[in-house]
Amino acid sequence: MFIFENQIELNNYLNPLREEGFSIGFVPTMGALHQGHLSLLRKSIRNNDITVISIFVNPTQFNNPEDLEKYPRNLEQDVIKIKSVSKNIIIYAPSVADIYNQNITSETFDFEGLENQMEGKFRPGHFDGVGTIVKKLFEIVQPKNTYFGEKDYQQTLIVKKLISKYQIPVKLHVCPTLREESGLAMSSRNERLTPEERHKAKIIYQTLLEAKKIFIEHDHVKAYEYVKQTFEQEPDFELEYFIIADSSTLIEISKKLKTKRYRAFIAVFVGNIRLIDTISFY
Ligand code: AMP
């Protein structure tokens, strides 16, 4: 098991392997790993000679300092979980200085409007931070394949745009969302919920499923109404947004068209913990 804390050591190890023609699969994460992350690792292992996982809580993508400070970190546990998948996975767990030197700032990106919707609108600067770290990590790891979760669907479109804009020679694989038994999307932030909150949070996915039925049978107006009313009756949950949008442009629906493919996006606060989820609406 190799754990590298800086990019020079990582590349001293990877360079000879690259020269031999070994393919590298890459799974970027912020740690506090769960089965969702491990499913990405398993996919990478199946398709590549070498799999690299990065564990780095990227400060520039957090717009809320408390969220950054409280973000769960547990490298020791993460290493055990990674080992349970395979002992051959390479872990890159850099310090902030290894990534940013002294300059902890984001580049500014134009993702052709994708960055202004939903997570971009409610978390200003978030996708500049995401673009900055993903671009840096691709430069360091130089993977052939990379694996991202559909749970962060907007992020996958942003990464796709980043790859095409900067002509980065990597193939993006988007992997399905793993859920807890209750249906709640697995997330590192779930660890911060009390057991009771975690159980109740299944309402997020249940509401998405019901809203989908309403949308298909009726329209977005009825679905919006249903979701709003559902969360108004839940004092422990605060709906930040529920949006049905075109699944490729992410522009919010104004009129339901048969020719379009839609997707629903939701962000909900449980206390001060913010959870997101998304499902296709077709
Ligand atoms: P994070 O550590 O939250 O930044 O996530 C790292 C990667 O894991 C991202 O590509 C996420 O979309 C993906 N991911 C997070 N949660 C899940 C999940 N429940 N199922 C599948 N992939 C996930």
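Atoms within each ligand, like the ligands themselves, are counted from 1 in listed order. Please read all numbers here as calculations on a predicted model, not as lab measurements.
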**Report entry** Atom indices of ligand 1 within 4.0 angstrom of K151 heavy atoms, with elements
**Finding:** 16 (N)
Query - Residue F148 vicinity, atoms of ligand 1 by number, heavy atom under 4.0 Å - result: 10 (O)
Query raised in the report: Would you say Y147 has any N or O atom under 3.5 Å from an N or O of ligand 1, going by distance alone?
Result: no
Report task. Name the closest protein heavy atom to atom 4 (O) of ligand 1, giving the residue it belongs to and the distance to 0.1 Å. Result -> M30 CG, 3.6 Å
Query raised in the report: Distance under 6.0 Å and angle within 45° of the ring axis: does K256 meet both against Y262?
Result: no
**Report entry** Close approach, E150 and ligand 1, non-hydrogen under 4.0 angstrom
**Finding:** no
Report task. Give yes if a backbone or side-chain nitrogen or oxygen of G149 is under 3.5 Å from a nitrogen or oxygen of ligand 1, and no if not. Result -> yes
Report task. Taking the six-membered ring for Trp and the single ring otherwise, decide whether the centroids of F127 and F109 are under 6.0 Å apart. Result -> no
Requested in this report: Among all protein heavy atoms, pick out the one at the shortest distance from atom 12 (O) of ligand 1; state its residue, atom name and that distance to 0.1 Å.
Outcome: D152 OD2, 2.6 Å
Report task. Report the distance from atom OG1 of T29 to atom OH of Y147, rounding to the nearest 0.5 Å. Result -> 15.5 Å
**Report entry** Distance-only side-chain donor-acceptor flag, D98 / Y92, under 3.5 Å
**Finding:** yes
Query raised in the report: Do R179 and D277 sit within salt-bridge range, that is, some charged N less than 4.0 Å from a carboxylate O?
Result: yes
Report task. Answer yes or no on whether K135 is positioned over the face of Y166, meaning its NZ or CZ is under 6.0 Å from the six-membered ring centre and within 45° of the axis. Result -> yes
Report task. Compute the shortest N/O to N/O distance between P28 and ligand 1 and return yes if it is under 3.5 Å, no if not. Result -> no
Query raised in the report: Purely on distance, is any nitrogen or oxygen of L40 under 3.5 Å from one on ligand 1?
Result: no
Report summary line: Heavy-atom proximity to atom 8 (O) of ligand 1, picking from E180, Q61, H37, Q35, points to H37
Query raised in the report: What atoms in ligand 1 come closer than 4.0 Å to a heavy atom of P176?
Result: 20 (N), 21 (C)
Query raised in the report: If you count the atoms of ligand 1 from 1 in the order shown, which ones are under 4.0 Å from a heavy atom of M186?
Result: 16 (N), 17 (C), 18 (C), 19 (N)
Requested in this report: Classify the side-chain pair Y71/N58 by whether it contains a donor and acceptor separated by less than 3.5 Å.
Outcome: no
**Report entry** atom 17 (C) of ligand 1 - nearest protein heavy atom and its distance
**Finding:** H34 CE1, 3.6 Å
Query raised in the report: Which atoms of ligand 1 sit under 4.0 Å from any heavy atom of T177?
Result: 19 (N), 20 (N), 21 (C)
**Report entry** Salt-bridge present (E115, K161; N to O < 4.0 Å)
**Finding:** no
Query raised in the report: For atom 20 (N) of ligand 1, what's the nearest protein heavy atom and its distance?
Result: L178 N, 2.8 Å
Query raised in the report: Angle class for the Y13/F4 ring planes (parallel below 30°, perpendicular above 60°, tilted otherwise)?
Result: tilted
Query raised in the report: Quick one: is the NZ or CZ of R263 closer than 6.0 Å to the six-membered ring centre of Y153, and within 45° of its axis?
Result: yes
